[in-house]
**Q** 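Provided herewith is a single structure, encoded as structure tokens, for subsequent inquiry.
Reminder, nothing fancy here: chain letters follow the sequence lines and each chain counts from 1. A quick note: this is a predicted structure, and the numbers were derived from the prediction, not measured.
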Amino acid sequence: MEATDIIKPENIVYQRSRLMTDQVLSFCPGCGHGTVTHLVAEVIEELGIENEVIGIAPVGCAVTIYDFIAIDWIGAAHGRATAVATAVKRVLPDRYVFTYQGDGDLAAIGTAETIHTCNRGENITVIFINNGIYGMTGGQMAPTTLAGMKTSTSPFGRDVSVQGPPIDITRMVAMLDGTYYVTRQAVHTPAAVRKTKKALLKAFEVQKEKKGVAFVEVVSNCNSGWKMSPVDANRWMEENMFKYYPLGDIKVDGQLLIK
Amino acid sequence: MTSAGTIVVDIDRCKGCGLCIEACPQKVLAFADSKVNVKGYRYVVLVAEGCTGCTNCAIVCPDRVITVYRQKKTQ
């Protein structure tokens, strides 16, 4: 069988989601943000909810996500995406509302909004990309930066006695009664990507049940900020990030799975 | 050895991160020899027969530049 014989429209087993625009993604080569952005588009397309979904764009690397996925978007002030999502969901309760935020947006400047939205149990989906660094501004230390990790503002590594240990905000929100589904995934291997897609599907589907926040953390690489090649960054993430941020479901159907 | 599947790479969107090369179980992907795309990135090509159309390369690609084709089994 020649390759040219296989290239026919009826033989396509995978292609880009039709919800993605022709705009080239602004993310660095190999960044997990790109994978998650495409997964969000694929999940919305599979659920057939592109006319009923409203996304809230963050400030950070994904600030121009409204250029990439052809659905309705609102750009929120830095960190306030979940507060804007609360307003949208309360005014239009039959729509699917989700936020897409990084760790600088959700776990640093937006900590108050994130925690109170989860405490109130708004029926929204929160997608949280955690790469342990402020990527867009030049690789500064974030609250999620690992102990001992070198960044441009912690050139000798994060000193826990001065800056405190990294914040595990996903575990924190799982402890609140307002969250219904909390999980932590990654997108560094094909298997992990498939799991993340399932988690995102569930996170959007539970909005119909009106039981509370669906919170999906995706541990991601930041090869520019970490100063590594994309392949090395994924390996470093497996060896270091997953120790502090172990993958898996944390809360399913309102039941905590961890102590 | 023939291929059950094949891929088409949108060369000018490829950023040359190489994650698909790592993810390919058949090891049939590689960077094109001393060539770059319009943005100056190395890009990925299929270098050998044996592609099964498993879609692993396409789903780890952050820019989704790979379209995967697989021959349907004829009864």
**Q** For Ile6(A) and Arg70(B), run side-chain contact (heavy atoms from CB on, under 4.5 Å): C-alpha distance rounded to whole Å, both residues' side-chain angles, the deciding distance at 0.1 Å, then the answer.
**A** CA-CA 7 Å; Ile6(A) 307 175; Arg70(B) 191 192 301 143; 5.7 Å; no
**Q** Considering non-hydrogen atoms only, spot the tightest contact between Tyr14(A) and Thr55(B) and give its length.
**A** CB-CG2, 3.7 Å
**Q** Please give me the minimum heavy-atom distance between Gly18(B) and Val231(A), naming the atom from each residue.
**A** O-CG2, 3.9 Å
**Q** Between Lys8(A) and chain B, with a heavy-atom cut-off of 4.5 Å, which part of the residue counts as in contact: side chain, backbone, both or neither?
**A** backbone
**Q** Taking atom CZ of Arg16(A) and atom CG of Asp63(B), what is their separation to the nearest 0.5 Å?
**A** 9.0 Å
**Q** Tell me which of these, Thr67(B), Ile7(B), Val65(B), has more heavy-atom pairs under 4.5 Å with chain A than the rest.
**A** Thr67(B)
**Q** What's the shortest heavy-atom distance between Val60(B) and Thr35(A), and which atoms?
**A** O-OG1, 3.9 Å
**Q** Which atoms form the tightest heavy-atom contact between Cys17(B) and Pro29(A), and what is the distance?
**A** CB-C, 3.7 Å
**Q** Would you indicate whether Lys27(B), at its atom NZ, is surrounded by more than 12 heavy atoms from other residues, nucleotides or ligands within a distance under 6.0 Å?
**A** yes
**Q** Could you tell me the separation between the CD1 atom of Ile12(A) and the OH atom of Tyr69(B), rounded to the nearest 0.5 Å?
**A** 4.0 Å
**Q** Would you find a donor on one side and an acceptor on the other, under 3.5 Å apart, between the side chain of Arg13(B) and the backbone of Gln23(A)?
**A** yes
**Q** Once rounded to the nearest 0.5 Å, what's the spacing between atom CG of Leu19(B) and atom CG of Asn234(A)?
**A** 5.5 Å
**Q** More than 12 heavy atoms of other residues, nucleotides or ligands under 6.0 Å from NZ of Lys202(A): is that the case?
**A** yes
**Q** Mind listing the closest non-hydrogen atom pair of Lys15(B) and Cys28(A) along with its distance?
**A** CD-C, 4.4 Å
**Q** Between Asp5(A) and Gln71(B), what is the shortest heavy-atom contact and its length?
**A** O-OE1, 4.3 Å
**Q** Relative to chain B, which segment of Val193(A) carries a heavy atom at a distance below 4.5 Å: side chain, backbone, both, or neither?
**A** side chain
**Q** Is Ile21(B) close to chain A through its backbone or its side chain, or both, or neither, when contacts mean heavy atoms under 4.5 Å?
**A** neither
**Q** Against chain A, label Cys20(B) side chain, backbone, both or neither, depending on which of its atoms sit under 4.5 Å from a heavy atom there.
**A** neither
**Q** Before accepting this row, confirm whether a basic side-chain N of the pair Glu42(A)/Arg64(B) lies closer than 4.0 Å to the acidic partner's carboxylate O.
**A** yes
